[in-house]
S.K.: 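Got a structure for you, questions after.
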Amino acid sequence: MEVVNNENTTDVGETEDPTSQEVDDVEQINTSIANITEHSAEEQETTKDTDPTSQTVSTDIQELIPELTIALIGDTNSIEIGSKNILLDHDKQTSVEPFSSKLYDLCGRHISVINMLGLQDVKEFPLNQGIHAFLLLLPNGQYNNHYSSGVQWLEKAFGKGSLSYVMAVVTHEPDENCENALRDLKANSRFEEKRYHTCRRNMTDEKEIIALLEKIYVMVSENDPHCYSSKMFVENKEQKKHQEPSSHKEERLDSSVSHQDQRVEELEDNAEEIQINENPVREPDDVEHTGKTDDSIIKEESEPCLVPSAPDKDDHDYLDMNMTGNKNEHSQNISEETENRKKQHQVDTETLLSRLRLEDTFQQKLSPAEFLKIGPSVKQDHETSEKDLAHTFLQRLMMLDYRARYIPVKQDGPGLSSSTTIPMFDTVETDESDLDAFYNTCIDRDELKLVNVHPMDVQMAVFHCSDSFLKQNMITKLSQCQYALPLLVPDPVTMDVEFPLWTFRQIRKTWKIYQTKDDSSIVTMKSIPICKAQTPMVSFIRLGSLSVSKSQLMNTLINERHSTFFHRNCPGSTKSRLLMDGVAEIAWYCPAGKTNDAFTDCVAFCNLHGDALLFEQQRDVLIEGSSINVVLVPTLEKGDTSSTIITGLYKSPKPLICLIVNESGNAVETKNGKYKMGLKDKSQSDVSAELKRIIGNILSGPHKSFQLEVMAEVSAIKVDEDNTLCLEGKCAAMKIMNLLQGMDISKIKDTFLRCQGKLWHEWCRINKEQYQLKGHIEKEKCKKQQELRSIRQIQCTASCSKLMKLFIDSLSSLPSTEKVYFLKWTQILIDALSTDDLSSILQSYDEKWSEILSLKRKHDKSHLLKSKQTELEDISNKFQSATFGFEHIFREMGQVYEAHKSLQEQPEEVQTDWSKYPELAAELMISGHPMELMDGDAGHVPLTWISSLLDEVIRKLGDQKVFVLSVLGVQSSGKSTMLNAMFGLQFAVSAGRCTKGAFMQLVKVSEEMKKDFQFDYILVVDTEGLRALELAGNTTLHHDNELATFVVGLGNMTLINIFGENPADMQDVLQIVVQAFMRMKKVKLSPSCLFVHQNVTDVAAAEKNMDGKRRLQEKLDQMAQLAAKEEDSDAECFSDVITFDVQNDVKYFAQLWEGSPPMAPPNPGYSESVQDLKNIILSKASQSAGVTLSQFKGKIRDLWNALLKENFVFSFKNTLEITVYRKLEVQYGNWTWDLRSNMLTIENQLYTRIENGQLEKVELSYLYKEMSKTYEEIQKDMTTYFDDNRDKEMLVQWRGRFETKIKEFHDEQVREVKRKLDEVLQQKKARKKLDDQKTEFEDKLLHKSKELAHQLKDQTKDEEELEKHFNSVWSGWVSELTADIKPIEDIDLVEDQDKIIQELGIEWILIEES
């Protein structure tokens, strides 16, 4: 093979001509490859003698062996395969081409490229020659996760030796930059900077490919050997085989059930053999009962055990050694047996993960991003194949469907479905043979293998295969489903026990405590993050094998209607269980503050699964941390296997309850705090009632408290929060929290977040006033803009708080994973900080409110009551200002940015990199973090900030198409809960006005679903509840109407959420929205809506409400026609403005809770309704083209500016109110004109009399008397109008105001006429006086003129100078003579005209348009 070599290559740095540069690079690569080829050839010769595969290579093929072989690995989305792609122009996986023609054309060398992108497993080496480089392709923006997973895959497929041949290549779109990639990848310990490259995703740039080949040459030249050979691959495979047990992987699936059964049997073999001797008859096994049944004994006899067990005669000694720690001659056997069990457990775990298709995710963990996307719909009532079981479980759990544990399974093999038909024995049809077959207890050996995966193994497998953030989401959802949560979890590989404290951090429990004091009942509410809750803990453990279910008994103590702990009688339970043995679960009982509560305060219940004799570490931790220990044993005898533990617990000062399964007898207190009770011949309800009584009595006295955070200090167990990345995130968050410690929470925003609050609210008020200017508009507008600029300057000066500096620094500098930890920790710590303060405020509010109610019952109207009411109002205001959350920090970022952006300058004393804020926020938004769209406190959209934020999102993602889905509804109607369940989001939810303003969040459409849609993302907009009780009067009306118009206008579809069956409130709001849209003629809108009625219990609600739906349609159409007439629009019905089909766009939801909170789980019917609604939304969305992000940005701007100009319609409840009010204003204009006309007549008459000298004084009483007749007539007309009008119920709200307005207008007219006539009289008197003094004035002026002429006689002869001097003196004389005469006022005709028009009730916006 000819090698092209050029010794006269020019150094790159010396080259000026780009073409020459490229040629030189190619020649340098050619030289390098030639050297590598020679070395590779030597290696191939050596390999021939040792590698049997190399012998099969023919001479012809050897001639085509390329000089350099490159394998592409990683994500298929990281490269755009096409004919112009230099590196890869085909999509055939593991297809080995002789060499790449494009690379040959580029550099003249034979280079082979193997496509291994997206491969799950590599069973054979792809070709006989070696691989010089594995190019790990990483998509821009996701490089960290893909790098870790790619390296793990390579190590698994080819062994550790292959890692020396990895080159990381970050691919990007032409308009993207990946400047942060190198910095972030450096956080990986295995990453080497010199083996890193970036290039375009389409790989069409020759310079980039040449630079890449150059780096590959450097890497290959450094490696020894230069290539990864097939021999190394075979050695890696052989090494793996030696590490595995003798059983082959091919046999694992078939033997998985027997392996699991054997493992369960081996874990308890010695202890249970003793129990079998004592109790030969026992019930079937379950999730916590791992002893042998008759079936398992048969199985053991017919199938040899893979792990040897100890001889029967040594069983008792073995148990004694295990309990006491004494060593004897069997210690070596025990050690070997433990090691064998561990290996077998690993084999079984691999088999389980393989069955669930989770084998790749055990190392490369599942993340929340994989579930925060629009994927195929989850079918609720259909069987799921075993391979999809884990993903289906997680998806249904995210939708708050507690039946996720009980998914029916359909397996690929015959006869493996959970709904398999019952087998029939093939026998001759005779009575005797039928009878024999019926009595025959033998079951086909194959039938024993047909066992589904245990439901709790599915849960724990998903738990082990999830990253810490998905684990946290998963445990939070399990808690909402009222399930027990993993507290102590053995690692399935190392068996080390871990305490997953991090997973509990987002859980908050709320309960009420009922107390009786002084013959009065007091109910106290507590709402605490569960990690900080100090509660008693009752631990349940079993020693040995039992015939009763411990978990089922515990469920009766917590919630008799719900399986908090999974037990043997739950659907899907099987005898084989793998991952739950040794797991300790915890659940909390939360009282509702009622007299029938099982316990008066919150109590934690802990359940150790499996035999506690075998899990010493977990057992000791629980015994040490618990307030009460409950032990279940088969019998209670001295000298048996459990006696040592029982003795220790009995001597301990902690209360002990011993439940003896195989003995009868009532509960007996043998010693203070030590109880025993037999369970034989007792019903479960009796046992439960007795246990509640005993536990209640013990907890009524002094007892030890349990707290999750304190448990983390136990040295014997590993805590997940000790992870380095988690600690770094927490450390950064703690720097912020250290600033806030000891501060009154209501002062935090004023101290550290000064750009919002009063400054921002004042700016919003002035900005809105800009659009409602009156009078001298330009002058007023200039004044307003100056005020706005002044506020921005103050904001700039206040923008560099220490809190914001720490937050921005952490957000900018931390790598991606640590950044997520930092954000999570910050939110957790802020919530915990506000919990104590808010609880104390609520407690004060409750006490003060009780005092006021007491005074009111006594009919006390003294000063004390008013004083108490004032104090209560102060507490209420403090509560409103005490809210401090994550959204306030992001709001501050927005205000700092807007202030600096509007001024385009930065004060010298302030140093903030404000221009980077939108980029930081955009990264979070892309990753799934909700961003505030409308400020809930100020009721304003920060347009500059939102526009820049969306610009950055567009820069990073491209101008993607989105489908905007918004939600609107009254307060506490379940809007956020519905969105969270539908899309797996995490909007804040609780009773009351939890969400404030509007938030937007991006949800990606998965690749497999993109073919069905014309957009790439769904943008979900969540809003605060309308008709909030915190807002009062006209404020809430205007705010709600403005918010509704904005949200409906933005969305391609709006979910109108209604609590119950009555849509009255939302019906009113929609009328205002429609009328507002009609007035916004310049804004192009095309919204649609879908009504969702929540908490409707009647299954036939849709059918029964058909008449109601018809009336709703008619009402909306009628109001739309009325509004169209008012606004001169051609719309004829509601759907002409907002697309709506009353037959298909009204849905009914079941109630959220299945029972009464706080212990009620979510209703499964609710999650079904959510899934159905999601399918409907996606079906409608598939017909929509959506909008681009840039169009969405423009729509926000246009819509908000239009809303700022609109002020009239938002003050009304509905369209009919607007119409009635306008009619009233027209009538008011008629009344005022009658008064004005009458007054004008009187004024003219009196003016004539004054001019004729017939009147010298005008009396007010005279004017009132003259006006009385007209005024009384108008008052009668008003009374008739308000009393007899058909809309009198609606008019009554304005009656008082308009009666007052008429009276004030009448009085003002009288006073104004008197003022004018008084001026006329004064002028007349002044004229008369002037006439009387005319001669005197003439003489004075003549005398003064002569004096002036005499003075100026000899000074000048210039006529102009004389005239000028005379005029100045003359003005002084006139002023002196007329000093006591009032001048005539300037008349402003325009102002008087505007004032009169407004008094007639005409809107200012219409005056401006005219």
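Here the structure is a predicted model, which is why all the values come from computation and not from measurement. Just so you know, residue 1 is the first one in the sequence shown, and it goes up from there.
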S.K.: Listed by chain and number, what are the ring-ring contact (aromatic ring centres under 6.0 Å, His included) partners of F890, not counting sequence neighbours?
M.R.: F807, F886, H929
S.K.: Given M1000, which of D1022, V1020, V964, L1019 fulfils the side chain to side chain contact (heavy atoms under 4.5 Å, CB included) condition?
M.R.: L1019
S.K.: Looking at residues at least two apart in the chain, or sitting in another chain, which of them share a salt bridge (charged side-chain N to carboxylate O under 4.0 Å, His left out) with E932?
M.R.: R891
S.K.: Please list, chain by chain and in numerical order, all residues satisfying side-chain hydrogen bond (donor to acceptor under 3.5 Å, both in side chains) with E370, sequence neighbours excluded.
M.R.: none
S.K.: Provide the closest heavy-atom pair for T1054 versus S966 in the form atom of the first, atom of the second, distance.
M.R.: OG1-OG, 2.9 Å
S.K.: Are the side chains of L1002 and V953 in touch, meaning some heavy atoms are under 4.5 Å apart?
M.R.: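 Answer yes - side chains close enough.
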S.K.: Assess whether side-chain contact (heavy atoms from CB on, under 4.5 Å) is satisfied between I1177 and L1055, documenting all intermediate values.
M.R.: CA-CA 9 Å; I1177 292 169; L1055 301 179; 3.8 Å; yes
S.K.: Whether the Q756 and E892 side chains hold a donor-acceptor pair (N or O, under 3.5 Å, no angle test) is what I'd like checked.
M.R.: yes
S.K.: If we only count heavy atoms from C-beta on, is the V967 to I1056 side-chain gap below 4.5 Å?
M.R.: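 No, every pair of side-chain atoms sits at 4.5 Å or beyond.
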S.K.: Is the shortest side-chain N to carboxylate O distance from E176 to R200 below 4.0 Å?
M.R.: no
S.K.: Judged by atom type as modelled, is there a donor-acceptor pair below 3.5 Å linking the side chain of Q1001 to the main-chain atoms of G928?
M.R.: yes
S.K.: Holding to salt bridge (charged side-chain N to carboxylate O under 4.0 Å, His left out), I want the full list of residues that pass it with K186, two or more places apart in sequence or in another chain.
M.R.: E193
S.K.: Main chain of L400, side chain of Q480: is a donor-acceptor contact present, judged purely on distance under 3.5 Å?
M.R.: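 No, because the side chain of Q480 does not come within donor-acceptor range (under 3.5 Å) of the backbone of L400.
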S.K.: Mind checking side-chain contact (heavy atoms from CB on, under 4.5 Å) for V820 and listing every partner two or more places apart, or none if nothing turns up?
M.R.: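 Here the qualifying residues are F469, K824.
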S.K.: Checking side-chain polar atoms at under 3.5 Å, does S468 have a donor or acceptor matched by the opposite partner on Y821?
M.R.: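 Yes, Y821 and S468 have a side-chain donor paired with an acceptor closer than 3.5 Å.
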S.K.: Check the pair R789 / L903 against side-chain contact (heavy atoms from CB on, under 4.5 Å), numbers first and verdict last.
M.R.: CA-CA 8 Å; R789 183 176 177 82; L903 299 177; 3.4 Å; yes
S.K.: Which of these, L811, L949, D913, sits in a side chain to side chain contact (heavy atoms under 4.5 Å, CB included) with L920?
M.R.: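 Per the side chain to side chain contact (heavy atoms under 4.5 Å, CB included) rule, the option paired with L920 is L811, out of L811, L949, D913.
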S.K.: Going by an N to O cut-off under 4.0 Å, is there a salt bridge joining K901 and E898?
M.R.: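 Looking at K901 and E898, the cut-off is not met.
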S.K.: Is it the case that N738 and Q741 place a side-chain donor and acceptor less than 3.5 Å from each other?
M.R.: no
S.K.: I want to check something: taking the side chain as every heavy atom from C-beta on, are R505 and Q472 in contact at a cut-off of under 4.5 Å?
M.R.: yes
S.K.: Please test Q895 against R754 for side-chain hydrogen bond (donor to acceptor under 3.5 Å, both in side chains), starting from the C-alpha separation and ending with a verdict.
M.R.: CA-CA 10 Å; Q895 284 310 299; R754 289 172 290 175; over 6 Å; no
S.K.: Mind checking what makes ring-ring contact (aromatic ring centres under 6.0 Å, His included) contact with F963, not counting sequence neighbours?
M.R.: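 F963: ring-ring contact (aromatic ring centres under 6.0 Å, His included) contacts with F1015.
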S.K.: Assess, by modelled atom type and distance only, whether the side chains of S948 and Y897 contain a donor and an acceptor separated by less than 3.5 Å.
M.R.: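 Result is yes, a qualifying pair exists.
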S.K.: Looking at every non-hydrogen atom in both residues, tell me the closest pair between G885 and I830 and how far apart they are.
M.R.: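 Closest approach of G885 to I830, heavy atoms only: CA-CG2, 3.9 Å.
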S.K.: Verify side-chain contact (heavy atoms from CB on, under 4.5 Å) between Q793 and T797, making sure each step is shown before the conclusion.
M.R.: CA-CA 6 Å; Q793 287 174 338; T797 308; 5.6 Å; no
S.K.: Suppose we screen for side-chain contact (heavy atoms from CB on, under 4.5 Å). Which residues come up paired with Q960, at least two apart in sequence or across chains?
M.R.: L957, D1016, Y1017, L1189
S.K.: Considering residues at least two apart in sequence or located in another chain, which fulfil the side-chain contact (heavy atoms from CB on, under 4.5 Å) criterion with D720?
M.R.: E498, P500, L501, W502, T503
S.K.: Just jot down the salt bridge (charged side-chain N to carboxylate O under 4.0 Å, His left out) partners of E762, sequence neighbours excluded, or say none.
M.R.: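 Partners of E762 under the salt bridge (charged side-chain N to carboxylate O under 4.0 Å, His left out) test: R765.
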S.K.: Holding to side-chain contact (heavy atoms from CB on, under 4.5 Å), I want the full list of residues that pass it with K1193, two or more places apart in sequence or in another chain.
M.R.: S947, L950, D951
S.K.: Pairs in or reaching into residues 917-928: which pass salt bridge (Lys or Arg N to Asp or Glu O under 4.0 Å), with residues at least two apart or in two chains?
M.R.: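 Qualifying pairs: K819-E923, K916-E919, E919-R955, E919-K956, E923-K956.
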S.K.: Residues in salt bridge (charged side-chain N to carboxylate O under 4.0 Å, His left out) with D959, at least two apart?
M.R.: none
S.K.: Take L138 and S78 through the side-chain contact (heavy atoms from CB on, under 4.5 Å) test and state the conclusion after the steps.
M.R.: CA-CA 6 Å; L138 309 171; S78 57; over 6 Å; no
